[in-house]
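Below is one structure, written out as structure tokens, with a few remarks after it.
Within every chain, numbering begins at 1; the chains are lettered A, B, ... in the order of the sequence lines, protein sequences first and strands thereafter. These figures come from a predicted structure and were not determined experimentally.
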Amino acid sequence: MSGDPSTPSAPRANALFDKVGTEINFPAEESRILAFWRQQGIFEKTLRAETRATGPSRGTFVFYEGPPTANGMPHNGHVLTRAVKDVFPRYKTMCGYDVPRKAGWDTHGLPVEVEVEKELRIHGKADIEAYGVKPFISRCIASVFRYTEAWENLTSKIGFWVDLDQAYVTYHKSYVESVWWALGELHRKGLLYQGEKVVWWWAQGGTALSSAEVGQGYKTVDDPSVYVAFPLVDVPETALAVWTTTPWTLSSNMYAAVRPEFAYVEVDAGDLLPGVRRLILAAELREPLEKKLGRPLPVARELKGFDLVGKKYRPPFDLFSARAEGFGVIHSVIGADFVTLDAGTGIVHVAPAFGEDDHAAHRAQARSNPSLPLFNAVKPDGTFIDAMGKYAGRWVKACDKELTAELKERGLLVHAETYRHEYPFCWRADEDPLIQYARPAWYIRTTALIDRAIENNQTIQWLPEHIKTGRFGDFLANNVDWALSRERFWGTPLNIWICTKDREHRHAPTSVAEIEKLNPQAFAHFHEAKRADPSLNDNLIVHKPWIDEVTFPCPTCSAEMRRVPEVIDAWFDSGAMPFAQWGFPHAPGSKELFDRAFPADFISEAIDQTRGWFYSLLMISTLVFDEETQTRLGLSRLRSYPHPYQTCVVLGHVSDREGKKESKSKGNYTPPEVILDRVRMEFAAARTSDVKGAQPKDGVALIAREDYEGLDLTGEAARVHLYRADRASDVGGAPVVMEIRPQKGMPRRIVALADADLARLGLTPKDNPLSVMPNDVPRLAPEQRVFVEDSSTPAPGADAFRWFFYAASPPWTNTRHSLTNVRGYQKEFAVKLRNVYSFFTIYANIDGFSPAEGNPDAKGTAPADLAKSAGYRLARERSLLDRWMLSELSLATREVRAHLDAYHLYEAATCLVDLVDALSNWYVRRSRSRFWAAEGVESAAGAASAAGGVSRASAEQDKRDAYFTLYEVLVAIAKLSAPFTPFQAEALYQNLVRRPWPTSQPESVHLCAYPEADEAAIDEGLAREMRAVRDLVSLGLQVRTAHKLKVRQPLARADIVLGDQALTGALQREENAWLIRDELNVKELRFLAPGEEGAEVRYVLKPNFRALGPKLGKKVQLAKQALARADAAALRTKLAVEGKVSLDLDGEAFDLGPEEIEVAVEASEGFAAAGSRVGVVVLHTALTDALRDEGLGRELLSRVQGLRKELDLGFTERVRLTIDGSDRVKRVTEAFRDTLMQEALATSVEVGPGASDGERRELNVDGEALVIVLARGA
RNA sequence: GGGCCAGUAGCUCAGGUGGUUAGAGCGCACGCCUGAUAAGCGUGAGGUCGGCAGUUCAAGUCUGCCCUGGCCCA
């Protein structure tokens, strides 16, 4: 080792390791790493075994990317998803697997159309048709990748490695043709059918919404609740009291439903209605109705629901009476299960066109009456038909009031009120209420094979596990047929062509080529359009409206076939991705690609995908890839369940710091840029004078406390920069430095400024700026908004963002996200690791330590690779601390691997945190002196270390051991953490491995093999001992704190009584004992054997409840009391000698053995002692003069070192010291001369007045006045 | 309205199959260390484990009801 810290020299000019900067700026470091990855094509190199350093490929680990939609901005939830999706492929890659990662984009569906509608300021199907479907579709395809750049930036910035260049796109021709193929298979298997179904219908948009879409749009509203009299045909003055909450559907009434087993009553209605004397309703609901009406309804007759079934009544509107002719059941009472007594009258109005239950009841009637008509007075656009007279052409829900009034006029209204409930609105046009409406639609008969899907689900590994039987299992158990079709424009066209001659002739071609075989001219119109406009996107050949013109002769009867008009649910697109991403089975080579990547080993998305992607994947795979089909397709092997995914990690949602859902409109979210780039947010500018209760003050800005905390600002005020976005500092125009304060009652994302400051910043607040909604801020004019930035600290960066999602909580629980929280977890791992890493580079450079010395061609960093390095020794030859650290490393490696193999991210992250903590808080702390021990010269600590078993002659070897140990652990942590925090891992690796070995070692940490635990290094006994040592040290420090005994003051002795005597031998070993002595600064350590304890210690006996509970039952409490009363020391001895003690419990004698009684040792009160499970530590606090002097000596050294630091002296800079004071000070200084010279790098120590040059400090230490003068230089 | 998940220290979160002193980190207070230095370390205070009943010798853990938040569904 060439470096000699005793020689005053500048840091080596050609230091091996790059210095780790003192200023922490993770984002800057990350962008350098990103550039390195890009330039060297590291991601691409990880994809193939030939370019990795992980040995021969262990096969393919299949990952499916759930396609996000790129027509909205990415948010924190996407960061979570991508962070989790990234970590496992990286891990598996380092384990030697090939992990292709094909990106994908979900591009179809209503959201895209709605965006375009907004852009065109049109609304609904009719508008689109008026605008023209062709240009509309062209706009859709153009809008799909609107935010692609933002997505690609985020993806790359957070280190999500995915192949964006080869991404699958759901609107591509090859993708659509794959989907067609799957639908063709379903058609062939008879699983596609057309039916009529009541759907949630967005009338203004002319479309049905999927249940997922409906679920997003519930609002609390007040709706009418009316009670209408339906007079009986036989007894007109007796009427059914019928309840409904949708008066507009009364015109389409077909039945009144009762529950046959319920009790009903006929009541005297008095003069309530002109033509009705008696009303019929459920017995239980009579009193509630009396209250509503404020009048008595005496019971005239009791009857059963059963008695009412079949009774004919007069409907409130009779526009369908002609069609009802000949169908006795129409306008009669039927029995139905869905009738409840929760509200209403127990008699329910049934309009089968407008309710799922109603329609089901109707279908039940239709079973015996196949020609039964369906009454529907409403057009698909949500307005009444002409037959409705004055209501014709009007939006139905707008007619509720008038209809109710009409009923009243006609003497049929029993009661009307409003009630508050949740009602669905269109999720993208939230002013439009949805209505239930019967529509023709295409279905997949999922219910026919639901048992297979359930079986498939049973074999999937779900994380968390409860999804399998819980949310997902429940969903499958309650499966209904998949409503596949959408009456929209922008989606995969449903590939069913129907014969114009015979509707039973249907054909489902699966590709353009197949259609062209039937009709070579089928696509002539498209090719012509393409010639006319070469910019026409080729993929539109398979889209509306072009596809609608495609016809071909019916294979059965040769008549013309035309396509059905619908497109399909976009969920089917995404669920088809396992094969459609390859264009399977049409595209050349797709069969091999699919065969290789089916099923997926791993997928992950948020929990809202249970009914979305998780379902569509599972269902399509179950229906399409049955064994017969797999065989027919000629796959290389038969896939049994599960497919198409084996493991699914279900993620929770990202919420704000209060646990509320992050919402753009509320502004309660932390924009990803605040974590990734700069700590800043944009605000709407306002005048302080407009803020209630605020005093305008120049240079002071006010924001909501939530925003203040959101920027991680603390205290009463903070200093920040303000600037306009268009005049950012790097564009010219310096930002204004201001004080910022939280202000009560301020809305979010508004900053209040004094007039002078507004002028300085060039801001002109808009009118009434305090009412600007957070999501509108970016849309304000440039002079109306302003950035607030905390430039004093860099953003935490991408690693910190990722790490937060791994380490804060298991990924399936909701995570409270904020800048503060991200920083908190960063400090725990990344910052701590960086400090250790920095420590290493500082001393390795000073000492000229190189792991490559004598071993310039090493290809790895495992012990076998480093064996040839100069001075390298195996772990078992090193000192106790090194062996312990390497054992901890191997234990952690073993655990992290096991956790990752089980997809337990959080637990894996916890292991890494504990490992870094052990490294920093114990290994480095206890080893520090070894790194600055000069060879041939023993420092105080070095001498102690020598006493700990390392001879003087091997001090240099000990130092090398320390370097190698720290080096090996740091490099291993870099590799272990690489899948989690890929940037920092790379930074460590490049510096620690590639600097010493610029060519022989793998180019990137991500090309390395994931570390294997070195089983030989694991020493569980040592781990237990060290745990005890650390616990005992902690107890000793507790005693010092409690008795105000500073650690710098040496004490004569510490006595230790161990709880577990078995540890005594190990802890008495000098290496262990020294650690405790040194940490506690005591001269002597005694381990007291049983019988040697003094009064400082007492024993406490307790029953071992786990063992005794079953044996003693209730008497276990008596045993507890008996043991507490007994002479603990005596019982303990008896237990040790005789192996049992006898207890009398309530007259019954019990023999209890050592396993059944717990003996704990406690510190008695009144002594300098502390105890816990590990044992008791007693400090002897009496001080001798010698001890006091030594304390003063260490005090002197401390002051000198403090002065060195204060003067910012370099680590190796030499000084001259002069110390003056009382005789005692002089005496102690003399005694400590050598120590001072070595530890403080002093070339001379003068005692007495003396030198006048240099830094002079007059101090009072320990009641002693003294003077220290420190002069720089030798 | 129904289902699922969650509620543990000021904050963020751990707490196999019930076992009697409920843990960690951050923050806070006090202190230590000073050759990792705009760092590091220790100790402490702080908890009716959401509430109420129940089962049990024993409940944060099991059961029932309720409250709050989230998600899914109506």
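- A/Glu1195 has a carboxylate O that lies under 4.0 Å from a charged side-chain N of A/Arg1199, or vice versa, which qualifies the two as a salt bridge.
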Could you write nucleotides 3-8 of chain B as a row of B, S and -, 5' to 3', where a protein heavy atom under 4.0 Å of any base atom gives B, of only sugar-phosphate atoms gives S, and otherwise -? BBS---
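- At the heavy-atom level, A/Asn835 lies under 4.0 Å from base atoms of the strands shown.
- In the set B/rG44, B/rC33, B/rG42, the nucleotide with an atom closest to the side chain of A/Arg928 is B/rC33.
- Aromatic ring centres of A/Tyr906 and A/Trp812: separated by at least 6.0 Å.
- With B/rG40, B/rG35, B/rU34 as the choices, the nucleotide that has an atom nearest any side-chain atom of A/Ser1198 turns out to be B/rU34.
- Taking atom CG on A/Leu912 and atom C1' on B/rA14, their separation rounds to 17 Å, with Å as the unit.
- Between the side chains of A/Thr793 and A/Arg823, a donor-acceptor pair is found at a separation under 3.5 Å.
- In summary, A/Lys832 and A/Glu828 do not engage in a salt bridge, as defined by a charged side-chain N under 4.0 Å from a carboxylate O.
- In this structure A/Tyr837 satisfies the ring pair (Phe, Tyr, Trp, His ring centres under 6.0 Å) test with no other residue, sequence neighbours excluded.
- Ring geometry, A/Tyr615 versus A/Trp482: the interplanar angle falls from 30° to 60°, so the pair is classed tilted.
- Taking the P atoms as reference points, B/rU43 lies 38 Å from B/rC5, given to the whole Å.
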Could you write out each protein N or O paired with an N or O of nucleotides 30-32 of chain B at a distance under 3.5 Å?
none

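- Side chains of A/Arg1194 and A/Asn1081: a donor-acceptor N/O pair is present below 3.5 angstrom, by distance only.
- For A/Asp917 and A/Tyr923, the side-chain atoms include no donor-acceptor pair closer than 3.5 Å.
- Residues forming a ring pair (Phe, Tyr, Trp, His ring centres under 6.0 Å) with A/Phe839 (at least two apart in sequence, or on another chain): A/Tyr843, A/Phe931.
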Between the protein and nucleotides 18-21 of chain B, are there any N/O to N/O pairs under 3.5 Å, and if so, what are the atom names and distances?
{"from": "B/rU21", "atom 1": "OP1", "to": "A/Lys1102", "atom 2": "NZ", "distance (Å)": "2.8"}

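- Base-pairing analysis of RNA chain B finds the following stems of at least three consecutive Watson-Crick or G-U pairs, with both pairing distances under 3.5 Å: B:1-7 with B:67-73, B:10-13 with B:23-26, B:28-32 with B:40-44, B:50-54 with B:62-66.
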